[in-house]
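Each residue takes its place number in the sequence, starting with 1.
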Amino acid sequence: ETGKTFGHEDPHVEICYSEDIRQRVCQLTKQIVEQPLAIVIDCRVVTKPIVREPLCSSACLSVSAADMAEAHALAEQIRRGSNRACAPSS
């Protein structure tokens, strides 16, 4: 389930996506290692984790949180978010 929280010692949220999206994420993250990847929900950047390595082996990515409260808040935003298209940013 996307937006599920894990770990009291290492709080994080798991974000999962389809196979076609996995391939696109793999290609993108190969290009941006050690750079932030904006997670956009409802046309708003909610977090910008740093890509430590290309995300090619799994259909899920893990976003670290400072604590469980932050992880639960991010997970709730992910579950509530819509799938609408956003205007390009400048």
Side-chain angles (χ1 to χ4, degrees):
E1 170 188 345
T2 292
K4 189 171 182 178
T5 56
F6 295 91
H8 290 283
E9 292 179 19
D10 177 27
H12 62 279
V13 177
E14 193 170 79
I15 301 171
C16 300
Y17 33 83
S18 65
E19 177 62 23
D20 62 320
I21 299 297
R22 186 194 66 76
Q23 292 173 8
R24 292 169 56 193
V25 168
C26 176
Q27 292 303 313
L28 169 67
T29 57
K30 283 180 180 179
Q31 299 171 24
I32 63 168
V33 171
E34 298 303 323
Q35 296 180 43
L37 171 67
I39 306 295
V40 179
I41 300 171
D42 290 335
C43 302
R44 212 170 39 92
V45 175
V46 296
T47 188
K48 292 170 89 175
I50 302 298
V51 176
R52 300 292 178 205
E53 61 186 37
L55 304 172
C56 298
S57 61
S58 174
C60 298
L61 66 96
S62 178
V63 178
S64 296
D67 54 35
M68 286 304 290
E70 183 179 283
H72 285 298
L74 177 58
E76 183 59 28
Q77 286 180 309
I78 291 167
R79 287 191 294 266
R80 275 194 335 246
S82 69
N83 210 8
R84 65 186 169 124
C86 302
S89 59
S90 47

Please find the pair of heavy atoms, one from [X] and one from [Y], that lie closest to each other, and give the distance.
X	Y	value
Lys48	Ala38	CG-CA, 4.0 Å
Val51	Glu53	CG1-O, 3.3 Å
Pro54	Lys30	CB-CG, 3.8 Å
Ala65	Ala71	CB-N, 3.6 Å

Q.
Side chains of Ile41 and Gln77, heavy atoms from C-beta outward: is any pair under 4.5 Å?
A.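 Yes, close enough: below the 4.5 Å cut-off.
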Quick one: pull up [atom1] in [X] and [atom2] in [Y] and give me the separation to the nearest 0.5 Å.
X	Y	atom1	atom2	result
Cys60	Glu14	SG	CD	4.0 Å
Arg52	Leu37	CZ	CG	12.5 Å
Thr47	Leu74	OG1	CG	6.0 Å
Ser62	Ile15	OG	CD1	8.5 Å
Glu34	Ile50	CD	CD1	7.5 Å

Okay, side chain of [X], backbone of [Y]: is any donor-acceptor separation there less than 3.5 Å?
X	Y	value
Thr29	Leu55	yes
Asp67	Ala69	yes
Glu70	Ala66	yes

Q. Same hydrophobic cluster for Ile21 and Ile39, using side-chain heavy-atom links shorter than 4.5 Å among ILVMFWY?
A.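 Shared cluster, yes.
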Q: Could you give me the CA-CA distance, side-chain angles and deciding distance for Gln27 and Arg24, then say whether side chain to side chain contact (heavy atoms under 4.5 Å, CB included) is met?
A: CA-CA 5 Å; Gln27 292 303 313; Arg24 292 169 56 193; 5.9 Å; no
Q: With sequence neighbours excluded, tell me which residues meet salt bridge (Lys or Arg N to Asp or Glu O under 4.0 Å) with Glu19.
A: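 Arg22.
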Q. Who passes side-chain hydrogen bond (donor to acceptor under 3.5 Å, both in side chains) against Ser57, sequence neighbours left out?
A.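 side-chain hydrogen bond (donor to acceptor under 3.5 Å, both in side chains) check on Ser57 returns nothing, list empty.
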